[in-house]
Amino acid sequence: MTQPANTSTTPAHPATGVSFDFQTVEPRWQKAWNEAGVFTVPDVPPADKPKYYVLEMFPYPSGQLHMGHVRNYALGDVVARYKRARGYAVLHPMGWDAFGLPAENAARERGVHPQDWTLKNIAAMRATLQRLGFSLNWDREIATCLPEYYGKQQKLFLDFLQAGLVERRESWVNWDPIDQTVLANEQVVEGRGWRSGALIEKKKLSQWFLKITDFAEDLLDGLKTLDRWPDRVRTMQERWIGRSEGAHITFSLHQPPQGLTNEGLDSNLNAVEVFTTRPDTLFGMSFLAIAPDHPLAAYVAQSNKDAAEFIAECRRLGTSVEAVETAEKRGFDTGLRVNHPFMDKSFPIWIANFVLMDYGTGALFGCPSGDQRDLDFAHKYNLPVTPVVLPQGKDQADFAITKNAFTGDGTLINSGFLDGLSTEEARKEAITRLEELGVGKGVVNWRLRDWGVSRQRYWGCPIPVIHCESCGPVPVPDAQLPVKLPEDVTFDKPGNPLDHHATWKHVACPKCGKPAVRETDTFDTFVDSSWYFARFTAPHAPTPTVRDAADGWLAVDQYIGGIEHAILHLLYARFFTRAMRKTGHLDLSEPFAGLFTQGMVNHESYKDAAGNWLYPEEVDLRPEGAVKRGTEDAVTVGRVEKMSKSKRNTVSPEAIIERFGSDTARWFVLSDSPPERDMEWTEAGVSGAARFAQRLFRLVRTVAETVPAQNTCPADIASEADTLRRATHRTIAAVTEALEAFTINVAVARIHELTSALADAEKTPELDGIAFARREAARVLCQLCAPMMPHLAEEMFALLEPGKTMVVELPWPEADPSLLAATQVTLAVQIMGKLRGKIDAAPDEDSAAVIARAEAEPNVARLLEGKRIVKRIHVPNRIVNFVTAG
RNA sequence: GCGAACUUGGCGGAAUGGUAGACGCAGGAGACUUAAAAUCUCCAGCCUGUAAAGGCGUGCGGGUUCGAGUCCCGCAGUUCGCACCA
């Protein structure tokens with residue numbers, strides 16, 4: 001569906017006003033691009049071009065595009081337009097991450113149906129994106145909340161189920177006893193439900209899990225191949241997956257505890273299995289700690305009220321790791337004891353609030369001298385501390401552990417048969433001995449847990465399963481897909497509307513035909529975003545993917561989004577890709593070959609005297625201080641922070657486009673700050689960007705109107721013309737390099753420089769060759785700024801070369817290598833590394849001549865007088881450094 | 001608490017181990033204008049000095065090097081993530 005480059009026409013009459021009239025010009029070029037179909041690509045990439053898939057993380061349709069989106073999509077559009085100009089077939093689609101809690105909150109708060117709310121938001125945000133002129137394939141738009149998308153997701157889930165990648169098991173959720181609903185971690189504020197204020201409890205529910213741990217090793221190994229990902233993201237994922245080598249150790253119970261009988265005691269409760277990465281410190285043990293959710297804890301609680309009370313308290317902490325780990329370390333002594341595997345000693349079993357049931361075996365042995373948490377715990381409850389690792393260079397006689405545990409490597413002491421061994425040797429020896437005794441073994445443990453995907457919510461993709469009393473959970477047959485969300489739901493009672501829907505829920509079992517009920521849970525919205533990049537390659541196909549399309553376009557060559565997704569979303573998408581390969585939907589492991597994480601858009605915050613937050617448009621910034629517009633009341637300027645509704649420090653993209661135009665908005669978010677870093681939105685900055693756009697437009701228009709066109713460069717040109725030509729070609733090289741390196745702020749700076757050079761040339765319009773050089777510079781400026789300010793670029797180019805092709809159809813300019821070489825270089829002359837003068841030299845000039853000239857430089861010669869030069873260092877074209885003595 | 005990163009003029013930032021502060025914003029001086037806006041020209045890290053020049057300077061403290069914003073070690077501050085927000 002792409003159009004040949006020479007068939008499109010440029011609009012007949014570019015703006016004729018005194019300056020760049022963005023309000024009429026921008027929509028006109030958007031129309032011209034669309035009519036020429038320049039951004040449309042086929043489902044299977046064309047054979048005559050290399051393909052390039054650029055994707056920005058799709059937005060959640062919250063209602064309004066915000067500046068963070070503008071920055072994200074402006075960055076992606078620079079890449080898309082640049083790669084297009086470099087001759088690639090570019091896939092650059094857009095969609096909506098349209099399921100999620102905010103739609104349900106809106107339904108409960110304002111009585112609007114989640115679907116209406118979402119679709120309305122999508123329409124508003126799509127309009128803004130289109131106004132911004134991004135080079136998107138709008139014919140590929142998807143929304144995850146439409147059955148066309150989520151029905152295919154249900155198919156994927158059933159295929160995963162078939163392939164053994166899905167399991168049903170119990171797990172803990174945050175339960176709000178008043179609202180009778182499950183809460184997300186973010187809905188739990190200081191241990192209470194955000195709406196009801198009730199103390200929340202952990203509750204166990206049967207839920208669906210995707211077996212991401214099946215791929216733990218592969219997900220870890222795959223990170224090594226992702227050489228176009230930021231190191232920090234790879235490191236974070238590596239830590240998250242968390243491969244650790246250690247041992248499982250079985251501690252047998254010392255004696256049946258008082259008041260407890262073995263009756264009802266599971267055989268594995270006769271012993272406690274722990275995981276440790278430090279079997280070498282086993283002789284330093286002083287207690288054994290189990291998670292509050294450990295089966296043994298539950299067993300103790302049956303007959304011990306205090307234990308039950310302590311466990312209940314721990315449960316009120318909620319399910320987030322952060323809550324558990326920041327809470328004060330507390331424990332409860334069960335009175336039970338375990339035998340030490342190597343020593344004839346027993347140690348107490350504590351229930352401790354910092355032990356996680358989800359990690360390892362939910363139990364650990366405490367070695368206070370070798371672990372800070374264990375040490376703090378030991379001090380609090382008066383448990384003994386035995387040092388077992390002696391740091392290098394310390395003497396055992398005066399080595400003691402007081403406030404700080406020693407976690408490093410050293411030599412084993414107080415450790416029986418391990419004494420004298422290194423930490424590493426002791427680890428191996430301890431495991432060998434445990435295995436010989438049959439009470440332990442060396443294991444690889446993963447921090448990564450399986451992915452619980454069940455959510456007790458309405459506004460999500462229904463999980464396509466039917467529960468039958470006789471058959472158990474039964475997959476919905478393919479022919480009955482998609483399982484559509486019922487639209488006739490109400491949010492007037494607490495809980496999930498699907499759960500109390502009269503008809504939707506009750507169906508016949510597909511297997512036996514008896515009455516059964518649908519699964520009323522829906523998928524975690526991370527599931528939706530785990531495969532959308534693949535769906536974009538064949539967005540309207542009846543199957544989740546079409547292999548020719550997916551194989552042709554994937555992997556995503558450049559993925560762009562916020563650092564906040566560094567772990568979960570990216571890891572889930574990497575897992576889904578593997579699972580989809582296993583089930584035949586895809587044929588690759590790594591979905592995102594290149595990843596770029598952009599920073600946030602921040603803004604100053606403002607407060608009036610009463611402490612109320614003010615919107616930026618309510619404030620006048622004056623040199624003598626900020627005041628409230630209209631009232632002149634003093635305003636306190638707060639810190640620069642992430643734009644947020646609660647602080648009212650937001651700027652609406654719509655308003656900015658209205659005032660300054662899309663190109664200015666785009667140019668500003670790309671200027672100044674490096675894309676990966678946070679940027680500050682300022683009024684002064686955006687008006688500066690607007691001034692530059694107008695200035696560039698005026699300069700190019702002057703060239704178009706006053707400088708005659710010339711096809712070839714005259715043989716003899718004035719040095720001013722040569723200077724401009726060199727600036728032009730250096731800028732092509734520099735901007736190209738900057739765009740390749742994603743340092744777009746540097747590309748912007750180089751374009752500023754060439755603009756100034758073109759302005760300088762206006763002063764000498766009569767010189768030989770200057771006309772050619774000016775037209776060349778103007779044309780190049782159109783092309784170089786086009787990825788950032790595409791409308792302005794088209795408008796200027798239409799003035800410069802009327803009736804020809806659009807910039808969007810021109811190939812990227814090439815720098816002439818003969819114009820890149822410097823004709824003269826300036827070298828710094830240093831004495832002992834301090835700058836003392838400068839000299840000029842020919843490029844790559846002979847060392848001896850350069851050094852002689854440097855030594856003779858007056859200021860250098862003066863300072864060298866009476867000193868002995870011991871070394872002369874010459875770095876060609878850079879510096880000369882004299883090392884002196886005495 | 002654990003994990004990851006970031007820190008350079010008044011501000012955003014630039015800088016293959018080689019002239020720190022490119023480019024921009026804000027500021028100052030001047031030109032144009034009846035005036036303002038807009039535009040254009042010039043100045044500008046801090047300290048001493050008329051100048052020439054010199055001293056100091058990339059969060060703080062050490063180290064490697066002829067030479068460190070850049071590499072190494074330690075510290076502080078800020079930001080992000082922590083599995084049911086997306």
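Residue numbers start from 1 in every chain, and the chains themselves are labelled A, B, ... in the order their sequence lines are given, proteins ahead of strands. All values derive from a computational prediction rather than experimental measurement. Just so you know, these numbers use all the heavy atoms, side chains as well, and skip hydrogens, waters and symmetry mates.
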May I ask you to say what [X] touches in the nucleic acid, namely base, sugar-phosphate or nothing, with a heavy-atom cut-off under 4.0 Å?
X: A:A684; answer: sugar-phosphate
X: A:Q207; answer: base
X: A:R234; answer: nothing
X: A:T682; answer: nothing
X: A:P674; answer: sugar-phosphate
X: A:L827; answer: nothing
X: A:R455; answer: base
X: A:K329; answer: nothing
X: A:R232; answer: sugar-phosphate
X: A:S671; answer: nothing
X: A:V182; answer: base
X: A:Q187; answer: nothing
X: A:H565; answer: base
X: A:G562; answer: nothing

Rounded off to whole Å, could you give me the [atom1]-to-[atom2] distance for the [X] and [N] pair?
X: A:K838; N: B:G18; atom1: NZ; atom2: C1'; answer: 13 Å
X: A:F526; N: B:C82; atom1: CZ; atom2: C1'; answer: 12 Å
X: A:N881; N: B:G17; atom1: CG; atom2: C1'; answer: 13 Å
X: A:I831; N: B:U19; atom1: CD1; atom2: P; answer: 17 Å
X: A:R447; N: B:G1; atom1: CZ; atom2: P; answer: 17 Å
X: A:L356; N: B:A83; atom1: CG; atom2: P; answer: 11 Å
X: A:I241; N: B:C82; atom1: CD1; atom2: P; answer: 16 Å
X: A:E238; N: B:A5; atom1: CD; atom2: C1'; answer: 15 Å

So if I take every side-chain heavy atom of [X] and compare against [options], which nucleotide ends up nearest?
X: A:V883; options: B:G18, B:C66, B:C84; answer: B:C66
X: A:A749; options: B:C23, B:G55, B:C82; answer: B:C23
X: A:E564; options: B:C66, B:A5, B:A86; answer: B:A86
X: A:H752; options: B:G24, B:A83, B:U19; answer: B:G24
X: A:R862; options: B:G54, B:G81, B:A5; answer: B:G54
X: A:A828; options: B:C85, B:U19, B:U16; answer: B:U19
X: A:R677; options: B:G13, B:G54, B:G18; answer: B:G13
X: A:R449; options: B:C84, B:G81, B:A83; answer: B:A83
X: A:E753; options: B:U39, B:G18, B:A22; answer: B:A22
X: A:S756; options: B:G24, B:U41, B:C11; answer: B:G24

N-O pairing of A:D231 and A:R234 below 4.0 Å: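 A salt bridge is present here (some side-chain N lies under 4.0 Å from a carboxylate O).
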
Check ion pair A:R853-A:D840 (N to O, under 4.0 angstrom):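 No.
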
Base B:C84 paired with A:E186 side chain (donor-acceptor, <3.5 Å): no

Determine the Euclidean distance between corresponding [atom1] atoms of [M] and [N]; express it in Å to zero decimal places.
N: B:C72; M: B:A20; atom1: P; value: 22 Å
N: B:A86; M: B:C82; atom1: C1'; value: 15 Å
N: B:A26; M: B:G74; atom1: P; value: 43 Å
N: B:C46; M: B:A37; atom1: C1'; value: 35 Å
N: B:C71; M: B:U16; atom1: C1'; value: 14 Å
N: B:G59; M: B:G9; atom1: P; value: 7 Å
N: B:U79; M: B:G28; atom1: C1'; value: 35 Å
N: B:A15; M: B:C23; atom1: C1'; value: 12 Å

Is there a Watson-Crick or G-U wobble partner for [N] with both distances under 3.5 Å, and which nucleotide is it?
N: B:C40; answer: B:G30
N: B:C2; answer: B:G81
N: B:C56; answer: B:G45

Below 4.0 Å: OP1/OP2 of B:A14 and any side-chain N or O of A:N745: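 So the side chain of A:N745 is within the cut-off, an N or O lying under 4.0 Å from OP1 or OP2 of B:A14.
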
A:R691 side-chain N/O to B:A26 phosphate OP1/OP2 under 4.0 Å: yes

Any A:V829 side-chain heavy atom under 4.5 Å of A:R836 side chain: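 A side-chain contact under 4.5 Å is absent here.
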
Check for a donor-acceptor pair, side chain of [X] on one end and backbone N or O of [Y] on the other, with a separation under 3.5 Å.
X: A:Q237; Y: A:A566; value: yes
X: A:R447; Y: A:W240; value: yes
X: A:N174; Y: A:L183; value: yes
X: A:H69; Y: A:H66; value: yes

Contact nearer the 5' end of RNA chain B, comparing A:K871 with A:A759: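 Its nearest nucleotide being more 5', the pick is A:A759.
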
Residue mapping more 5' on RNA chain B - nearest nucleotide basis, A:Y60 or A:V748: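 So the residue in question is A:V748.
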
Inter-residue atom distance A:K329.NZ - A:F354.CZ, 0.5 Å rounding: 7.0 Å

Criterion salt bridge (Lys or Arg N to Asp or Glu O under 4.0 Å) on A:K211 and A:D450, from CA distance to verdict: CA-CA 5 Å; A:K211 290 167 73 181; A:D450 278 333; over 6 Å; no

Syn or anti conformation of B:G9, syn meaning chi within 90° of 0: syn

A:E564 atom CD, neighbour heavy-atom count above 12 within 6.0 Å: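 Result for CD/A:E564: enclosed.
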
